[in-house]
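For reference, the structure is listed below as structure tokens.
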Amino acid sequence: MRHIPFILLAAAALPLHAQPGTELVRNGGFEEASKAPGTYDQLSFATGWANATLGLPELFDPNANAKTVGIPVNDYGTMKPLEGERYAGFMGWKNDVRGGFGGSIHDDRTKPGWNAYSEYLRTELAAPLRAGTRYELVFHVALAGNSDRAIQGVGARMDERELYQHNRKFIEEIPQVFTEELIEDKGVWKEVRGTFTAQGGERFLVIGIFPYVGLTTAEVIDGPDNRYAYFYIDGVSLKMVE
């Protein structure tokens, strides 16, 4: 029986996450889909992506109706993809309070917003992260043109658990990567980039608003007051730092 050198066996046994430069986010541009989206709440059509709460994000498509999830014109504004033909979107913050009985229409300006509506995107990584290893996560978001609020706390959480909440509230976890910037420019792609050291075993990535980073909001009203902050998202990437 011929013996295979140990060094070759060791190389063959190296897991995917041991290779610097290997992309760990599958379908980070939302280009692959089981079928084309035709209306709201169809992020799950994007291969490998799902919602992480009862809030339902969107998948946008150039052949969809401009009154729903079309590209470049859709119900939330006008936006071209950062790359490829598609992108996704999520409601970062929406005031659930209604006028009339039980509250003022301006309650969102005086309360911290923990009961507000928010949406999150979740995907399983191509391989679990290695303890003590540095990784870099990059993704791009743009505040939709019809948004009348800007909000802080856009970020991402890597976790060994498949995070899911049976509600539509903010996820109360601490993200490894986030921006402290209050994103107020509408229709402009903004890069969110950060490095972190893995605890080990993280297999899932969740993107959205994380209030423990900060929950500053601002009014960016231009026309009717929709009382929401909606974000397009594209170009998600996670790699080991060499």
Side-chain angles (χ1 to χ4, degrees), residues 16-17 23-35 37-60 69 76 86-96 112-131 135 137-141 144 151-179 192 194 196 198-215 228-238:
L16 176 63
H17 59 196
E23 180 58 68
L24 294 173
V25 176
R26 294 173 284 204
N27 197 21
F30 306 97
E31 297 302 306
E32 300 175 23
S34 57
K35 61 179 179 178
T39 187
Y40 311 98
D41 308 337
Q42 294 181 338
L43 173 70
S44 60
F45 287 4
T47 304
W49 290 92
N51 54 299
T53 69
L54 293 182
L56 300 174
E58 278 72 43
L59 177 64
F60 292 81
V69 292
Y76 300 101
R86 292 191 177 111
Y87 51 75
F90 64 96
M91 189 68 69
W93 182 92
K94 186 177 188 298
N95 181 21
D96 264 353
W114 287 86
N115 292 319
Y117 177 81
S118 192
E119 299 172 343
Y120 294 82
L121 303 87
R122 186 189 69 218
T123 188
E124 184 172 4
L125 302 175
L129 305 187
R130 172 181 290 181
Y135 294 87
L137 176 71
V138 182
F139 62 94
H140 300 77
V141 294
I151 190 168
Q152 186 184 15
V154 177
R157 168 80 181 180
M158 272 63 61
D159 205 293
E160 61 182 3
R161 301 166 296 161
E162 190 174 10
L163 291 175
Y164 187 82
Q165 290 187 176
H166 294 276
N167 57 50
R168 305 184 306 166
K169 302 178 182 179
F170 292 117
I171 290 181
E172 300 179 30
E173 299 283 348
I174 298 176
Q176 291 94 336
V177 174
F178 59 90
T179 176
V192 180
F196 64 96
Q199 297 296 310
E202 295 93 334
R203 297 172 46 233
F204 296 95
L205 165 66
V206 175
I207 299 175
I209 300 297
F210 293 86
Y212 282 144
V213 172
L215 201 60
Y228 67 66
Y230 191 91
F231 292 94
Y232 304 117
I233 179 169
D234 204 355
V236 186
S237 174
L238 176 64

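A quick note: this is a predicted structure, and the numbers were derived from the prediction, not measured.
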Exercise for review: Kindly indicate, with the supporting measurements, whether the criterion side-chain contact (heavy atoms from CB on, under 4.5 Å) is fulfilled by Val177 and Val138.
Suggested key: CA-CA 9 Å; Val177 174; Val138 182; over 6 Å; no
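- With a 4.5 Å cut-off on side-chain heavy atoms, Ile151 and Ile209 count as touching.
- Contact annotation: the side chain of Leu205 never approaches that of Arg157 to less than 4.5 Å [non-hydrogen atoms, C-beta and beyond].
- For Tyr228, the side chain to side chain donor-acceptor pair (under 3.5 Å) test picks out no residue, with sequence neighbours left out.
- Applying the side chain to side chain donor-acceptor pair (under 3.5 Å) criterion to Glu119, with sequence neighbours excluded, gives Tyr117.
- By the side-chain contact (heavy atoms from CB on, under 4.5 Å) test, Thr53 pairs with Tyr120, Gln165, Ile171, sequence neighbours left out.
- Rounded to the nearest 0.5 angstrom, Leu59 CG and Arg86 CZ are separated by 6.0 Å.
- Pairs passing the side chain to side chain donor-acceptor pair (under 3.5 Å) check and including a residue from residues 41-52, sequence neighbours excluded, do not occur.
- Pairs engaging residues 199-213 under the salt bridge (charged side-chain N to carboxylate O under 4.0 Å, His left out) rule: Glu124-Arg203 [sequence neighbours left out].
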Exercise for review: I would like to know whether Phe30 and Leu43 meet side-chain contact (heavy atoms from CB on, under 4.5 Å); could you show each step before the answer?
Suggested key: CA-CA 9 Å; Phe30 306 97; Leu43 173 70; 4.2 Å; yes
Exercise for review: Let me see the working for Val236 and Thr123 under side-chain contact (heavy atoms from CB on, under 4.5 Å), right down to the final yes or no.
Suggested key: CA-CA 11 Å; Val236 186; Thr123 188; over 6 Å; no
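- Asn27 places a side-chain N or O within donor-acceptor distance of the main-chain N or O of Glu31, the cut-off being under 3.5 Å.
- Every residue two or more places apart in sequence or in another chain was checked for a salt bridge (charged side-chain N to carboxylate O under 4.0 Å, His left out) with Glu160, and none qualifies.
- Remark: Phe60 pairs with Tyr87, Tyr232 by the ring pair (Phe, Tyr, Trp, His ring centres under 6.0 Å) rule, at least two apart or across chains.
- Glu58 contributes atom CD, which lies 12.0 Å from atom CZ of Phe45 (distance to the nearest 0.5 angstrom).
- Here Tyr230 contributes atom OH and Tyr76 contributes atom OH; the two are 5.0 Å apart, rounded to the nearest 0.5 Å.
- The distance from the CG atom of Leu238 to the CZ atom of Phe139 is 11.5 Å, given to the nearest 0.5 Å.
- Put simply, the side chain of Ser118 never gets that close to the backbone of Phe170: no donor and acceptor are under 3.5 Å apart.
- Within the 4.5 Å cutoff, no side-chain heavy atoms of Leu137 are placed close to those of Val192.
- Listed by chain and number, the residues in a side chain to side chain donor-acceptor pair (under 3.5 Å) with Glu162 are Arg122 (sequence neighbours excluded).
- Looking at residues two or more places apart in sequence or on another chain, you find a side chain to side chain donor-acceptor pair (under 3.5 Å) between Ser237 and Glu23.
- Atom CD of Glu173 is separated from atom CZ of Phe210 by 8.0 Å, given to the nearest 0.5 angstrom.
- Taking a 6.0 Å sphere around CD1 of Ile174, one finds it holds 12 or fewer heavy atoms contributed by other residues, nucleotides or ligands.
- Using a 4.5 Å heavy-atom cutoff, the side chains of Gln176 and Tyr135 are not in contact.
- For the atom pair Asp234 CG and His140 NE2, the distance stands at 8.5 Å (nearest 0.5 Å).
- In plain terms, the two heavy atoms of Pro37 and Val69 that are nearest each other are CB-CG2, 4.5 Å.
- The closest side-chain heavy-atom distance from Leu125 to Val25 is below 4.5 Å.
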